[in-house]
Amino acid sequence: MGQRDPQAIPGHDLSGFFWQWTPINFGDGSLFFHVNNDEMGDAWNTRAAWAPDGADAQDIAEGHGSMRTRLTAGTRWPSGGTLSLALKGAPEQVSFEPLGRFQMRGLGYTHPVWGHGMHHGPLRVEREDIDLAALDPLSPENLHVQIPVRVIGSDGREGIGVFEQLILGPFAPLGLSSFLDGAD
């Protein structure tokens with residue numbers, strides 16, 4: 001807590017930033033996937049893991065995955081996607097069906113005063129009401145979202161999870177060519 005941490009990425013001069021984070025719960029285990037890509041779609045930070053219920057550390061399968069994402073027209077928000085995996089015990093593919101949308105700015109991300117991780121001393125609180133229907137989806141403070149999702153595995157397993165995403169700048173794989181353009 002305290003001052004913001006700039007999080008430099010060694011060896012990368014990014015003009016675009018892409019982030020996805022997807023924790024998922026199935027009836028028999030949990031799946032986790034995250035990825036950071038550069039503007040061309042090349043991953044520089046990614047991980048996938050499957051933990052069957054009751055697993056010990058040696059039972060957790062780890063590796064990588066690949067997400068094929070769809071965007072809601074005129075936004076940078078995910079409208080669904082398919083995650084492909086090669087993890088022992090996990091479905092080979094998982095499809096995401098959105099159930100709603102949560103603006104991460106409600107947790108302090110991108111807020112000028114209540115930025116995520118900023119310490120303000122004991123017992124300082126504030127309230128902010130956000131009219132989701134009226135906000136501009138391409139305003140920088142509204143780009144970072146979590147989408148509660150129902151998930152369906154290629155093996156028929158169903159679960160529930162979160163599809164968090166933030167895209168800043170160009171991102172060629174989804175046809176985004178400027179800092180704040182929306183999907184076609």
Side-chain angles (χ1 to χ4, degrees), residues 1 4-5 7 14 16-27 29-39 41 43-51 64-85 90-91 93-118 125-153 157-169 171 173-176 179-183:
M1 302 241 267
R4 295 178 191 268
D5 183 358
Q7 298 292 317
L14 299 178
F17 176 83
F18 180 87
W19 164 252
Q20 286 179 333
W21 178 74
T22 58
I24 302 163
N25 289 305
F26 287 96
S30 298
L31 177 64
F32 170 80
F33 171 75
H34 80 249
V35 66
N36 285 109
N37 291 334
D38 65 18
E39 62 275 6
W44 53 267
N45 174 18
T46 184
R47 181 172 179 216
W50 169 258
H64 301 284
S66 174
M67 179 75 80
R68 185 166 181 85
T69 304
R70 295 182 309 276
L71 299 179
T72 301
T75 78
R76 290 176 168 227
W77 300 333
S79 64
T82 303
L83 175 60
S84 297
L85 302 156
Q93 288 195 330
V94 178
S95 297
F96 295 77
E97 293 181 19
L99 300 172
R101 184 182 79 246
F102 179 81
Q103 296 298 135
M104 293 299 287
R105 77 183 232 198
L107 296 177
Y109 285 91
T110 70
H111 194 280
V113 176
W114 293 95
H116 183 64
M118 299 296 293
V125 296
E126 187 174 320
R127 175 189 168 126
E128 180 178 28
D129 293 316
I130 301 169
D131 181 354
L132 295 179
L135 60 77
D136 176 358
L138 296 176
S139 183
E141 69 271 15
N142 297 324
L143 298 177
H144 192 183
V145 295
Q146 279 193 357
I147 308 293
V149 290
R150 181 165 46 122
V151 294
I152 302 171
R157 284 188 269 188
E158 294 188 18
I160 192 101
V162 172
F163 190 153
E164 180 177 326
Q165 184 168 286
L166 172 62
I167 308 171
L168 298 171
F171 190 64
L174 293 175
L176 303 172
F179 192 74
L180 292 175
D181 58 334

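All residue numbers in this chain count up from 1 along the given sequence. What you are looking at is a predicted structure, and each value in this text was computed from that prediction instead of being measured.
Partners of R47 according to the salt bridge (Lys or Arg N to Asp or Glu O under 4.0 Å) rule, which considers only residues two or more places apart in sequence or in another chain, are E62. Take S139 and apply the side-chain hydrogen bond (donor to acceptor under 3.5 Å, both in side chains) test, not counting sequence neighbours, and it matches E141. Qualifying ring pair (Phe, Tyr, Trp, His ring centres under 6.0 Å) partners for F171, counting only residues two or more places apart in sequence or in other chains: F18. For H34, the ring pair (Phe, Tyr, Trp, His ring centres under 6.0 Å) criterion is met by W19, F32, not counting sequence neighbours. Partners of S84 by side-chain hydrogen bond (donor to acceptor under 3.5 Å, both in side chains), not counting sequence neighbours, listed by chain and number: Q93. With sequence neighbours left out, the side-chain hydrogen bond (donor to acceptor under 3.5 Å, both in side chains) criterion links E158 to no other residue. Among residues two or more places apart in sequence or in another chain, the side-chain hydrogen bond (donor to acceptor under 3.5 Å, both in side chains) test is passed with W21 by none. In this structure, the salt bridge (Lys or Arg N to Asp or Glu O under 4.0 Å) partners of D129, at least two apart in sequence or on a different chain, are R127. For P137, the side-chain contact (heavy atoms from CB on, under 4.5 Å) partners are T75, W77, not counting sequence neighbours. Listed by chain and number, the residues in a side-chain contact (heavy atoms from CB on, under 4.5 Å) with I160 are L99 (sequence neighbours excluded).
A 4.5 Å side-chain heavy-atom check between V151 and F26 finds at least one atom pair inside the cut-off. For the pair F33 and T46, the minimum side-chain heavy-atom distance is below 4.5 Å. A 4.5 Å side-chain heavy-atom check between I147 and Q165 finds every atom pair outside the cut-off. Side-chain contact between N142 and I130: absent, with no pair of heavy atoms (C-beta onward) separated by less than 4.5 Å. Using a 4.5 Å cut-off on side-chain heavy atoms (C-beta onward), F96 and I24 make contact. Looking at heavy atoms from C-beta onward, T22 lies in side-chain contact with M67 at the 4.5 angstrom threshold.
Here the closest non-hydrogen pair linking G65 and L85 is CA-CD2, 4.0 Å. The two atoms that bring P98 and S79 nearest to each other are CG-O, 3.3 Å, heavy atoms only. Scanning all heavy atoms of the two residues, the minimum distance from G182 to L138 falls at N-CD1, 3.7 Å. The minimum heavy-atom distance between P148 and G100, with the atom names listed, is CD-O, 3.5 Å. Summarising the geometry of G175 relative to D181, their closest heavy-atom pair is O-OD2, 4.0 Å, with the distance given to 0.1 Å. The two atoms that bring P173 and G41 nearest to each other are CG-CA, 3.6 Å, heavy atoms only.
Atom-to-atom distance recorded for R150:CZ and S95:OG is 10.5 Å, nearest 0.5 angstrom. Here CG of D38 is found 11.5 Å from CZ of F17. Values are rounded to the nearest 0.5 Å. Here the CG-CZ distance, from L143 to F179, works out to 7.5 Å after rounding to the nearest 0.5 Å. Here the CD-CG distance, from Q103 to L132, works out to 6.0 Å after rounding to the nearest 0.5 Å. To the nearest 0.5 Å, atoms CG (L168) and CG (L176) are separated by 11.0 Å.
Contacts classified as side-chain hydrogen bond (donor to acceptor under 3.5 Å, both in side chains) and involving residues 64-73 (residues at least two apart or in different chains) are given here: Q20-T69.
Proximity of a side-chain donor or acceptor of R76 to a complementary backbone N or O of L71 within less than 3.5 Å is not detected.
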